[in-house]
Amino acid sequence: MAVATLFRRVSKSRYFNSAITPFTPKPFINPPQVRPISTPAKTFAGFGDLVSGAERKYYMLGGKGGVGKTSCAASLAVKFANHGHPTIVVSTDPAHSLSDSFDQDLTGGALVPIEGMDSPLFALEINPEKTKEDFRSAIQKDGGAGVKNFMDSMGLGMLSQQLEDLKLGELLDTPPPGLDEAMAISKVMQFVESQEYNSFTRIVFDTAPTGHTLRLLSLPDFLDTSIGKMMKLKEKIASTTAALKSVFMKEEPKQIPDNKLEQLRERMSKVRDLFRDPKTMEFIIVTIPTAMAVSESSRLCASLKKERVPVHRLILNQMLPESTDCKFCAIRRKDQMRALELIQRDKELSNLKIVQAPLFDVEIRGIPALKFMGDMDHDSQAGIEAGSMTDNAVEQTDGKIN
Ligand SMILES: Nc1ncnc2c1ncn2[C@@H]1O[C@H](COP(=O)(O)OP(=O)(O)OP(=O)(O)O)[C@@H](O)[C@H]1O
């Protein structure tokens, strides 16, 4: 189904607000008791400020494998939608788990409306396998025309002529590293340029574990440089050929313009600028309170800063409650506090705002659970003692927690 049709369908519903509603936190049925941990309160901040403003914003959530990136991205997307922002949550992780997180089928590589929401929320699992398959069949079906149509649909039409010259079948059988990220970038280009996506004011990326994501973020720069080199090389070849022709065939040397490469280069620099623009983009690091996760987050933060990607927040997920009768939990909590101290001493991470998310007593799956998680910060530190979703959210949701 076309995005425009999907969007029209939702926008006709009574839930769609063209104006962004202000952030009005709703209290929990059993408001959790908030007890500060040993960190100064000013270092803690939630997501409340992220919902304000009607202009388009991109949020990328990334970090080590398994720390809760998908859960946090999905719950943030639910929060945005519930505050009046038409929102898309995009997974750029080849091992998608958005469907598992929302507990509904979001596969297929197309924009899918999320059921059970009172406001427009769509998901997109970028599916490199399907994209490669579509590409292969486009080549088989219509040859050059098929490739052109396919590349147009990816927002890369200007590359089709160059790609026709390559042995594409072979390329797709052994894709080069970074192809998944290149496809994600082409999607970002569509968000930026296509009219169909105009109405979405929040785009949340659930990214792949650190290494992949860094490649994704550095790709536009890399391509920009590579295209620059290609253009120079082409110019050199063209001028050498022209010089040889003029010597041997007595022809005047001609300059061959290369607009297509130039256009692609411009688009790449647009995406690169988008990733670096603090007005539109924020990368949120998700981590858990362990020394290993903190070290990886520190390296990620350093790389993001090197790439000049704006990063201000760190979600510290799966925090245990302060007071507990459970001896195991108390020892674990001490260990978590040591990890928190590491964050506070770390030269990369110490300036970030920390949003704490508790370790919940059930797996976070489905809209009610995601909503509960997204609202955890309604009072800067609420939720640290609110790890019991079964006590709180079940009452709010008629027991529909999975
Ligand atoms: N705060 C939490 N409390 C309880 N369970 C959690 C919490 N955060 C995440 N989980 C659970 O941990 C598991 C992994 O979470 P999730 O898929 O969000 O991590 P991820 O970082 O996206 O993983 P991957 O790197 O594999 O994509 C899921 O079962 C999720 O429900």
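Position 1 is the first residue of the sequence; numbering continues from there. Each ligand, and each atom within it, is numbered from 1 in the order the structure gives.
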Counting from 1, what ligand 1 atoms have a heavy atom of [X] closer than 4.0 Å?
{"X": "S71", "value": "9 (C), 15 (O), 16 (P), 18 (O), 30 (C)"}
{"X": "G66", "value": "19 (O), 20 (P), 21 (O), 23 (O), 24 (P), 25 (O), 26 (O)"}
{"X": "P358", "value": "1 (N), 2 (C), 3 (N)"}
{"X": "G65", "value": "25 (O)"}

Legend entry - Selected option - heavy-atom contact closest to atom 10 (N) of ligand 1, from Q318, R365, M373, E363: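 Selected option, by shortest heavy-atom distance: Q318.
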If we only count N/O pairs under 3.5 Å, is [X] in contact with ligand 1?
{"X": "G68", "value": "yes"}
{"X": "C72", "value": "no"}
{"X": "D206", "value": "no"}
{"X": "V362", "value": "no"}

Inset, instruction - May I ask whether A74 has any heavy atom positioned less than 4.0 angstrom from an atom of ligand 1? - result: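 Judged by the 4.0 Å heavy-atom criterion, A74 does not count as contacting ligand 1.
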Inset, instruction - Decide whether the shortest distance between a heavy atom of A357 and an atom of ligand 1 is less than 4.0 Å. - result: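 Not so, A357 does not reach ligand 1.
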Inset, instruction - Mark yes when over 12 heavy atoms from residues, nucleotides or ligands other than R332 sit less than 6.0 Å from its CZ; otherwise mark no. - result: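 Not more than 12 within 6.0 Å, no.
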Inset, instruction - Quick one: closest heavy-atom pair of L50 and R313, and the distance? - result: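 Minimum heavy-atom contact is CD2-NH2, 3.0 Å.
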Legend entry - Atom of L111, atom of F122 and distance for their closest heavy-atom approach: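 Taking every non-hydrogen atom into account, CG-CB, 3.9 Å.
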Inset, instruction - Give the contacting part of N317 toward ligand 1: side chain, backbone, both or neither, where contact means a heavy-atom distance below 4.0 Å. - result: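 Near ligand 1, N317 shows its side chain, while the N, CA, C and O stay back.
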Inset, instruction - For T290, enumerate each residue passing the side chain to side chain donor-acceptor pair (under 3.5 Å) test, keeping only those at least two apart in sequence or located in another chain. - result: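 Applying side chain to side chain donor-acceptor pair (under 3.5 Å) to T290 gives none.
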Legend entry - Set of side chain to side chain donor-acceptor pair (under 3.5 Å) partners for S97, sequence neighbours left out: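 For S97, the residues satisfying side chain to side chain donor-acceptor pair (under 3.5 Å) (neighbours in sequence not counted) are T70.
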Legend entry - E307/K305 salt bridge by N-O under 4.0 Å criterion: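 No, K305 and E307 are not salt-bridged.
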Inset, instruction - Step by step, work out the salt bridge (Lys or Arg N to Asp or Glu O under 4.0 Å) result for R299 and D346. - result: CA-CA 10 Å; R299 289 194 293 274; D346 188 272; over 6 Å; no
Inset, instruction - Measure from the ring center of Y59 to the ring center of F283 and say whether it is less than 6.0 Å. - result: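 Aromatic pair excluded; centres sit 6.0 Å or further apart.
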